[in-house]
Student: 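Before I ask anything, here is the structure I am working with.
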Amino acid sequence: MKLTTKLMASAATAAVALTAALPAMAAEKWDMPMAYSASNFHSENGVTFADCVRAGTNGEIDITVHAGGSLFAGADIKRAIQTGQVQIGERLLSGHQNESAIFGYDNIPFLAPSFEESDILYKAAKPKIEALLEEQGLELLYAVPWPPQGLYFNKEVNSVADMEGLKFRSYNNTTSRLAELTGMLPVTIEAAEISQAFATGVAESMVSSGATGYDRKVWESLSHFYEVNSWLPRNYVMVNAGVWAGVSGANKAAITACSEEAAARGLEASKAYTQFTMDGLAAGGMTVGPAGDKLMGELLKVGETMTAEWMEAAGAEGQALVDAYKGMK
Ligand code: PCA
C-alpha cells in the first residue's frame with residue numbers, strides 16, 4: 001500500500017463504516033476542486049476530509065473532490081468558491097499575491113524553512129489570513145504545508161551563474177521573482193501540466209517540493225533535485241461564506257472537527273512524504289541532495305532581496321506578522 005494511502009486509511013475506514021449505517025436522505029452536494037493529482041497527499045487528505053464530513057453530518061453534506069485541476073485549474077479555484085460556482089475548494093494562497101502581498105507570507109525565503117517553524121509562522125499569520133479571506137467572502141477551514149521547497153534542473157548546478165537563461169516553471173509571483181533574480185526565464189505553469197512542459201522543453205527547471213516532482217514523475221525529463229528548504233507554501237481549504245452561513249450549527253461543528261483532523265493528518269502526511277518522495281526521485285534516476293555551499297550562499301543573498309521586496313509590498317501589516325512570528329519562536 002502506498003505511504004499516504006496507509007496514513008489516510010484508518011480515518012477513511014471509520015468514516016465509511018459510519019456512513020454505511022445511515023438512513024438514505026437527500027444530501028446537500030458540495031463540489032470541491034483541488035489542483036493537484038489525485039495521488040498527492042493533499043488530494044487524498046481532501047477525500048478523507050470529505051468522508052469525515054459525510055459521516056459527521058449524518059450524510060447531510062456530501063462533498064465530491066475533483067482532483068488534478070479537473071473541475072477548475074489551480075489559478076481559478078479561489079474565484080470559483082468566491083462566486084459560488086462551487087461551495088468549497090483548495091488553493092495555494094500564495095498564488096494570489098496580486099490581491100494582497102500578505103498572501104505571500106508563506107513564501108518569504110528562508111524565514112521558516114522547517115515544518116516546526118512553518119507551523120509557528122502559520123499560527124502567527126492565521127488571524128490576518130482569516131480576516132482577509134472573510135473580506136473576500138471566504139471561510140478558512142484548514143491549511144496544510146507542502147514539504148520544503150528545493151530546486152529542480154535538467155543539469156548539474158553549482159552556482160546562480162549556472163542557472164542563467166534556463167526556462168523556469170513558476171507557480172506564483174515569488175517563484176517568478178526568484179527566476180528573474182537568478183537570470184532565468186519564468187513561465188507560470190500549473191502543477192497538473194508540468195510533466196508535459198518538461199517533456200517538451202517549455203520548462204527546464206523549477207522550485208517545488210520533492211512531492212510535486214515525484215507526483216509528476218519529473219525524472220523522465222530532469223536530472224537534479226537540490227534541497228534548499230526555501231519555504232513551505234500552504235494549500236488552504238476554503239468554503240464560500242454564504243454557503244457556510246447556511247450550514248446548521250451541528251454540521252458546522254462537525255465540519256470544524258473534520259477540518260482540525262485534516263490539518264493534523266495533512267501535516268503528518270507532508271512530513272512523511274518529504275523523505276519518501278526524495279527517495280522516489282532518486283529511485284527514478286535523479287541526483288538528490290543538498291545544494292552546494294556556493295549555490296546556497298548565493299540563494300541566501302537572493303532571498304534577502306526578495307524578503308526586502310515583500311516587506312516593502314506588505315507594509316506595516318507584513319512587519320507585524322513577521323514580528324509576531326519572531327516573538328513566538
Ligand atoms: N508543489 C506545488 C506548490 C508547492 C509544491 O511543493 C507546485 O509545484 O505547484
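All ligand and atom numbering here is 1-based and tracks the order in the structure. Note that the structure is predicted; figures quoted are calculated from it, not measured.
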Student: Identify which one of V207, L185, V187 satisfies the side chain to side chain contact (heavy atoms under 4.5 Å, CB included) criterion when paired with F168.
Tutor: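 Going through V207, L185, V187 one by one, the side chain to side chain contact (heavy atoms under 4.5 Å, CB included) with F168 is satisfied by V207 alone.
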Student: Tell me if the NZ atom of K252 is crowded by more than 12 foreign heavy atoms within 6.0 Å.
Tutor: yes
Student: Could you tell me, atom by atom, which parts of ligand 1 come under 4.0 Å of a heavy atom of P233?
Tutor: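 Atoms satisfying the 4.0 Å criterion: 4 (C).
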Student: Looking at A191, which atoms of ligand 1 are within less than 4.0 Å of one of its heavy atoms?
Tutor: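 Answer for ligand 1: 9 (O).
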Student: Here's a test for you: under side chain to side chain contact (heavy atoms under 4.5 Å, CB included), which of V239, L133, I88 qualifies with L138?
Tutor: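 The passing option is L133.
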Student: Identify the closest protein heavy atom to atom 4 (C) of ligand 1: which residue and atom is it, and at what distance?
Tutor: Q149 OE1, 3.5 Å
Student: Is it the case that the side chains of N235 and W146 hold a donor-acceptor pair, with the cut-off being a distance below 3.5 Å and no angle test?
Tutor: yes
Student: Relative to atom 6 (O) of ligand 1, which among S209, S94, G95, G74 owns the nearest non-hydrogen atom?
Tutor: S209
Student: Considering R169, E190, M206, R234, which one's heavy-atom position lies nearest to atom 7 (C) of ligand 1?
Tutor: R169
Student: Give me the nearest non-hydrogen protein atom to atom 1 (N) of ligand 1 as residue plus atom name, then the distance to 0.1 Å.
Tutor: T212 OG1, 2.7 Å
Student: List the atom pairs, with distances to 0.1 Å, where a side-chain N or O of residues 75-82 and a protein N or O form a donor-acceptor pair under 3.5 Å, not counting sequence neighbours.
Tutor:
residue : atom : partner : partner atom : Å
K78     : NZ   : Q82     : OE1          : 3.0
K78     : NZ   : E99     : OE1          : 2.4
K78     : NZ   : E99     : OE2          : 3.4
K78     : NZ   : Q136    : OE1          : 2.6
Q82     : NE2  : Q136    : O            : 3.4

Student: Can you list the atoms of ligand 1 that are under 4.0 Å from a heavy atom of Y36?
Tutor: 2 (C), 9 (O)
Student: For W146, counting its heavy atoms only, list the atoms of ligand 1 lying under 4.0 Å from any of them.
Tutor: 1 (N), 2 (C), 3 (C), 4 (C), 5 (C), 6 (O)
Student: For a quick check under 3.5 Å, do T48 and N45 share a side-chain donor-acceptor pair by atom type?
Tutor: no
